There are 2 protein chains.
Amino acid sequence: MSLRYALLGFLSTTPASGYMLGRKFASGAGAMWEAFPSQIYPELRRLEKLGWIEGKTSPRDKLRRRVYQVTALGKRELQNWVAGDESAHPAERDAERVRFLFIDRSDIAVIRRHLHRHLAHYEQRLEQWRAHRDAIVAGTQERMRDRLADCPEEEKAFVTTIKCFAFEGLVRHAEMEISWAKEILAWLDKVKGKKNVKVLPFKAPRQKAPRTGGAQKSRSKKAR
Amino acid sequence: MSLRYALLGFLSTTPASGYMLGRKFASGAGAMWEAFPSQIYPELRRLEKLGWIEGKTSPRDKLRRRVYQVTALGKRELQNWVAGDESAHPAERDAERVRFLFIDRSDIAVIRRHLHRHLAHYEQRLEQWRAHRDAIVAGTQERMRDRLADCPEEEKAFVTTIKCFAFEGLVRHAEMEISWAKEILAWLDKVKGKKNVKVLPFKAPRQKAPRTGGAQKSRSKKAR
DNA sequence: TACATCATGTAATCGGTTACATGATTAT
DNA sequence: ATAATCATGTAACCGATTACATGATGTA
């Protein structure tokens, strides 16, 4: 159900066609949600049937583009969703991390390649997200200008800051992944291609509570 | 296809039944991948048909538990996946972040509630992931002991460190989300319930990319 | 006895992906 | 003329979620 609200949210500041939404979603202002055209077009039709958005095709337009706008009802529904209490946190499902968890049996060269790909991936995203955040601060982002157009003068700084913080979260995530990968690569450099390691980057934590990692049973005696 | 390898990876150190995998996946050693029983059981059967795992039901077991072990073929397939070049980074699809992006029209009380839920969510995960990491360092995690059992003495430190780093990534992500939310809450405190804001946490970035070849623009005065 | 938990499944459904179809416009 | 891009879709499929079914074991 989140694609629905991602589309609605996008359209709430800037009317757009399905094609434009697809483009922007792929790499643009909607860098938080990716979707394929085959999912976007039917969803827009459903949204229109619900009366949350309204599409218009200009009869003179030979490309029969359908440009959608959010209705008053749609705006209310978006605000209800945004303000809702149900957490939208998705289930933990991090395939790359799982891969890394089981990479210890691979050659160090394989581990290094994995980390370099990880780096490349997040460096690209960092650049993209940072550009968005900076454009919002600088006031050069088009959608942000649309948003501020119908906004009381005294609230403009507030709205801009909230939008910045949204992208700031993504920026920090990318930065974290990059420093994580770099740290491991630096550690692997010290190890010099051998798994016979003495240099340990982790020290045993001081236990403050006898809280174990797996079961609540302490290791006093194994069952059976 | 990742559930397949998550299951395979888990079973590669510790034989387990479908039920146990479901439990561990929900909140345990497999805190990186969540799955429902209705997905786990059929996948295990498929894996068995492929010959990657082998299940045994003890005839004396009235609960007819089916305990699976990874075969030699399964271990090879797992290593092939782990070492694979295709990036398993999922499409960007962060519903909570999208929500925050469109929260600027809501009351500040609503924004605060949203951030408090965000905090609660990641504080819980942080505790869970930190416990795992610490248990691995301390050598008290059961699955880690299984992994180290058939491991040459001189490689134990290496393997332990890799596993730690895997959970360290999750720990840092949770820490980032927590400090992100706290920062925004602190900013909202300064604002004191009004959207008429003067306190700006972001300053306009120095432009480096669009170098127009003239004088450097010093601070643009407040975004529009 | 009744209820919670252990343990394994099936069926319907939903969201997301891949593949394919169709036609118009713009650039080479 | 050809290719690339604009623009909107349909169909088949796959992975994940919800709901439901079944029976055994352990505990109040």
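Note that this is a predicted model, so its numbers are computed, not measured. Reminder, nothing fancy here: chain letters follow the sequence lines and each chain counts from 1.
- Side chain of B:Gln141 to main chain of B:His132: no donor-acceptor pair is present (N/O by atom type, distance under 3.5 Å, no hydrogens or angles).
- Base contact: A:Ser38 has a heavy atom under 4.0 Å from a base atom.
- B:Met1 has its CE atom 14 Å from the C1' atom of C:dT18, to the nearest Å.
- Ring centers of B:Phe167 and B:Trp129: at least 6.0 Å apart, outside the cut-off.
- Residue order along DNA chain D, read from the 5' end via each residue's closest nucleotide, puts A:Gln39 first among B:Leu3 and A:Gln39.
- Taking atom CD on B:Glu92 and atom C1' on C:dG16, their separation rounds to 16 Å, with Å as the unit.
- Between A:Arg23 and D:dC6 there is a side-chain polar atom (N or O) within less than 4.0 angstrom of OP1 or OP2.
- Between A:Leu7 atom CG and C:dG16 atom C1' the separation is 13 Å, expressed in whole Å.
- The salt bridge (Lys or Arg N to Asp or Glu O under 4.0 Å) pairs that include a residue from residues 5-14 of chain B number zero, where partners must be two or more places apart or lie in different chains.
- Here A:Tyr19 reaches the OP1 or OP2 of D:dC6: one of its side-chain N or O atoms lies under 4.0 Å away.
- A cation-pi arrangement is not found for B:Arg4 relative to B:Trp81, the charged atom failing to lie both closer than 6.0 Å to the ring centre and inside a 45° cone about the ring normal.
- Residue B:Ser17 is the one, among B:Ser17 and A:Ser2, whose nearest nucleotide of DNA chain C lies closer to the 5' end (criterion: closest heavy atom).
- One can place CE of A:Met20 at 16 Å from C1' of D:dT8, the figure rounded to the nearest angstrom.
- With A:Tyr5 as the aromatic partner, B:Arg99 does not meet the cation-pi criteria of under 6.0 angstrom to the ring centre and within 45 degrees of the ring axis.
- With a 6.0 Å cutoff to the six-membered ring centre and a 45° limit on the axis angle, B:Arg133 does not count as a cation-pi contact of A:Phe202.
- Relative to the six-membered ring of A:Trp180, A:Arg97 meets both conditions, a distance below 6.0 Å and an angle of at most 45° to the axis.
- DNA chain C is contacted by A:Lys62, A:Leu63 of residues 40-70 of chain A, taking any non-hydrogen atom closer than 4.0 Å.
- When the nucleotides C:dT17, D:dG15, D:dA7 are ranked by their closest atom to the side chain of B:Arg93, C:dT17 comes out on top.
- Remark: C1' of C:dC14 and CZ of B:Phe36 are 13 Å apart, rounded to the nearest angstrom.
- D:dT17 atom P lies 8 Å from atom CD of B:Glu34, rounded to whole Å.
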